[in-house]
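Values below: all heavy atoms of this structure, side chains included; hydrogens, waters and symmetry mates excluded.
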Number of protein chains: 2
Amino acid sequence: MGASIHEVARHAGVSTATVSRAMRGLPNVSPQTRQRVARAAAELGYVVTHSASVLATGRTRTVAVVAPYLTRWFFAQVIDAAGETLADNDYGVLLYNVACAESRARFFERMPLRTRVDAVMLVSLRLSDDETRALRKLGIPVALVGVASEAFPSVRVDDADGAALAVRHLVDLGHRRIAMVAGVGEAATAVPAPADRRRGYLEVLRGAGIAVDPSLDVSAAATFDGGVEAMSRLLARRVPPTAVFAESDEMALGVMRAVRRAGLRVPDDVSVVGFDDHDLADLMDLTTVAQPAQEQGALAASLLLDALETGAGPPADLVLPTRLVPRRSTAPPRGSAPLGRRDAPPLTRAVAGPRTAC
Amino acid sequence: MGASIHEVARHAGVSTATVSRAMRGLPNVSPQTRQRVARAAAELGYVVTHSASVLATGRTRTVAVVAPYLTRWFFAQVIDAAGETLADNDYGVLLYNVACAESRARFFERMPLRTRVDAVMLVSLRLSDDETRALRKLGIPVALVGVASEAFPSVRVDDADGAALAVRHLVDLGHRRIAMVAGVGEAATAVPAPADRRRGYLEVLRGAGIAVDPSLDVSAAATFDGGVEAMSRLLARRVPPTAVFAESDEMALGVMRAVRRAGLRVPDDVSVVGFDDHDLADLMDLTTVAQPAQEQGALAASLLLDALETGAGPPADLVLPTRLVPRRSTAPPRGSAPLGRRDAPPLTRAVAGPRTAC
DNA sequence: TTGTACGCGTTATCAA
DNA sequence: TTGATAACGCGTACAA
């Protein structure tokens with residue numbers, strides 16, 4: 001389409017090599033030459049052909065972002081923030097969605113990103129050995145968000161710890177019949193959060209000497225509706241739980257909804273805790289465990305940029321903090337001794353960690 | 001890195017041309033030759049180098065998707081569906097976020113996608129003349145989602161019509177003091193929906209002979225919190241509205257929240273209608289105007305694929321239907337004549353237009 | 001059906 | 001500081 005480097009060279013009365021140097025701001029070009037080249041390029045509307053540059057340098061200035069969902073809160077936040085950091089450094093984002101087991105298998109088999117990107121970032125995907133191998137074989141930097149791994153650097157929160165925060169809060173309020181609502185995806189093993197958060201849930205129960213009732217541990221789609229469905233099942237039991245820990249705020253909102261639709265009240269009849277600190281959590285007075293989603297995306301992007309610009313640093317496993325954000329969806333169980341009321345939820349308002357740029 | 005086409009050729013005892021033909025499934029290759037090439041490629045782990053292929057053919061098999069938000073419901077739906085359609089056809093998605101006026105200006109000026117993609121899809125961006133020109137100059141197919149344009153094919157709904165559906169519903173219920181809650185973004189002119197929906201709002205009011213009160217038309221951030229803020233302002237008036245049309249479900253949920261926080265009830269004291277049919281709308285019993293978001297993304301992607309594979313078809317302007325989904329957030333105004341109750345909201349449950357694949 | 005040889009547009013090496 | 005030229009790896013006329 002546009003002019004090529006040769007025409008610019010001719011136009012400016014220099015060689016193509018000089019044009020290339022001038023265009024990229026390399027040092028060894030005299031100011032006047034640089035000027036002439038710049039003018040010629042502008043006049044001809046010259047633009048470096050990306051593929052030619054890639055072919056010659058071996059660098060694509062592109063990062064692949066691989067995620068099982070785009071529409072769920074956590075994933076959108078991570079991808080958004082990562083994209084911003086990358087764009088700020090003149091890297092493009094090639095987006096891959098591996099929602100279902102089938103597309104995921106196809107992705108790791110064909111590796112469509114091969115020869116197309118300089119680095120890969122995977123969001124909340126627990127990798128099989130084969131997948132890990134396939135990624136390793138790419139020979140480019142890889143970073144994970146939301147999962148620990150011995151193979152690659154990662155940025156995440158401690159999901160078990162976070163869940164423990166939530167469940168301990170419920171135990172401290174006096175609850176003993178505490179349910180867990182977890183999400184199941186297309187591929188059950190795709191996303192690690194549910195299992196890790198369940199681990200935290202179980203640990204706290206055991207630590208508190210509470211007998212674990214497996215029938216209080218229910219799974220459904222990781223959506224609002226899934227939360228409704230799961231809670232409906234719990235409410236259908238002869239003895240429903242007095243509190244619920246939902247693995248995500250999205251599900252927690254569904255849980256709250258189901259409670260209210262059953263004519264019960266939150267937190268009077270059922271306490272609910274979520275995970276994420278979704279934008280809606282504050283609005284809906286949902287007690288939750290906040291995790292810094294944007295930060296995780298931005299940080300993972302930085303990790304990759306560092307590896308690309310300066311050769312890999314130490315293969316970090318950055319664990320960002322979670323924190324309990326008590327709101328009005330949790331309270332002592334009905335009929336608990338008044339002394340249970342020792343700490344009324346202080347109604348802390350979460351500081352919204354505003355989007356960094358713009 | 002990996003083996004090149006030459007090594008595969010040598011390994012298979014054929015020429016590079018034959019390897020190229022065999023790898024791409026072109027017709028003129030004998031079955032045995034094809035076999036030999038395939039085996040050689042597999043043994044050497046050969047993969048076509050993308051940039052070299054692009055340089056030789058001029059085709060990138062990549063589409064740029066440009067959007068001002070990733071995290072808002074409509075945008076996530078559109079991008080998700082478009083990405084799926086493109087991936088199914090072996091196209092990659094290069095994602096560009098132009099959230100703020102600054103990044104938008106930089107994007108259209110530098111056009112970082114130039115020479116990197118075969119086509120461009122823009123989501124809910126009203127293009128200036130300069131931006132249109134810049135896109136035209138790329139000389140590649142362009143498609144718009146959520147906006148009409150004389151310059152490029154588009155897929156959208158009629159926002160004014162949709163809004164009219166909502167407001168007429170309120171008027172039919174007997175409301176006359178109807179507020180509008182609209183979103184404002186970083187760049188006020190970035191997204192066209194607010195203005196178009198406002199137009200529908202005003203038209204219905206005028207058509208019904210209702211005097212338009214400009215102070216009932218409030219704007220805030222296009223988020224849950226923005227909805228809360230806008231409604232709080234409306235409730236602070238000496239005479240608050242009896243009904244609110246919010247430009248998006250996200251804002252509508254905030255509006256509902258503000259109403260309830262003020263000790264009022266939905267719909268008894270205030271009716272609320274949204275726009276989108278967000279996953280949460282059903283859950284929250286929010287009456288809304290449904291628009292097919294996934295379909296718009298998928299359709300726009302198909303448009304681009306058609307243009308790429310078969311040369312541009314007619315520059316379509318595909319307008320998909322909206323429909324009112326009455327739920328429990330709307331009712332006749334308090335104190336209205338009983339006959340106003342003529343049609344109790346039938347509680348239609350929206351059919352969720354399930355994600356097509358997987 | 002297969003092979004030869006050139007072009008795609010840059011960058012990098014080396015010599016001047 | 002600048003220029004000539006050889007890669008980079010593939011696709012494709014054209015010839016066989």
Problem - Flag for B:Arg24-B:Ser20: side-chain donor and acceptor within less than 3.5 Å - result: yes
Practice task
Return the value, rounded to whole Å, for the distance between atom NE2 of B:His6 and atom P of C:dC6.
Solution key: 13 Å
Handout entry: For atom CD of A:Glu7 and atom P of C:dG9, their distance in whole Å
Key = 9 Å
Practice task
With a 4.0 Å heavy-atom cut-off, tell me which residues in residues 40-54 of chain B come close to DNA chain C, sorted by residue number.
Solution key: none
Problem - Pair B:Tyr69-B:Val123, side-chain contact (heavy atoms from CB on, under 4.5 Å): steps then yes or no - result: CA-CA 9 Å; B:Tyr69 307 95; B:Val123 188; over 6 Å; no
Fill in the blank from the handout: Whole-Å distance, A:Arg116 CZ to D:dC8 P, equals 22 Å
Exercise for the section: Please report, rounded to the nearest Å, how far the P atom of D:dC8 is from the CG atom of A:Leu55. Expected result: 9 Å
Handout entry: Selection from D:dT2, C:dT11, C:dT1 that lies nearest to any side-chain heavy atom of A:Ala56
Key = C:dT11
Practice task
Sort out for me which residue in A:Leu127, A:Asp317, A:Leu303 forms a side-chain contact (heavy atoms from CB on, under 4.5 Å) with A:Leu144.
Solution key: A:Leu127
Exercise for the section: Could you list by number each residue of residues 16-25 of chain B showing a heavy-atom separation from DNA chain C of less than 4.0 Å, or answer none if no residue does? Expected result: B:Thr16, B:Ala17, B:Thr18, B:Arg21
Exercise for the section: Round to a whole Å and report the spacing from CD1 of B:Ile5 to P of C:dA5. Expected result: 16 Å
Practice task
Flag the pair B:Leu135 / B:Met111 as yes when at least one side-chain heavy-atom distance between them is below 4.5 Å, and no otherwise.
Solution key: yes
Exercise for the section: Would you mind reporting whether A:Leu320 and A:Gln296 have side-chain heavy atoms less than 4.5 Å apart? Expected result: yes
Problem - Whether B:Asn89 side chain and B:Tyr91 backbone form a donor-acceptor pair below 3.5 Å - result: no
Got a list of side-chain donor-acceptor pairs under 3.5 Å for residues 35-56 of chain B, not counting sequence neighbours?
from	atom 1	to	atom 2	distance (Å)
B:Arg36	NE	B:Ala12	O	3.0
B:Glu43	OE1	B:His11	NE2	2.9
B:His50	NE2	B:Thr60	O	3.0

Exercise for the section: Counting heavy atoms from C-beta on, name the nucleotide in C:dA12, D:dT2, D:dT12 closest to the side chain of A:Thr57. Expected result: C:dA12
Exercise for the section: Can you tell me the distance, in whole Å, between the CG atom of B:Asn28 and the C1' atom of D:dA15? Expected result: 15 Å
Handout entry: Nearest-angstrom distance from the residue atom CD of B:Gln35 to P of C:dT2
Key = 13 Å
Exercise for the section: Name all residues meeting the side-chain contact (heavy atoms from CB on, under 4.5 Å) criterion together with B:Ala300; count only those two or more places apart in sequence or in a different chain, and write none if there are none. Expected result: B:Met121, B:Val145, B:Val155
Exercise for the section: Using a 4.5 Å cut-off on heavy atoms from C-beta on, say whether the side chain of B:Met23 contacts that of B:Val8. Expected result: no
Completion exercise
Sorted by chain and residue number, the side-chain contact (heavy atoms from CB on, under 4.5 Å) partners of B:Ala17 (sequence neighbours excluded) come out as B:Ser15, B:Arg21
Fill in the blank from the handout: Rounding to the nearest 10°, end axes of the helix from C:dT1-D:dA16 to C:dA16-D:dT1 built from five pairs each make an angle of 30°
Fill in the blank from the handout: To the nearest angstrom, the CG-P distance between A:Leu26 and C:dA12 comes to 8 Å
Practice task
Taking atom CD of A:Glu309 as the centre, report whether more than 12 heavy atoms of other residues, nucleotides or ligands fall under 6.0 Å from it.
Solution key: yes
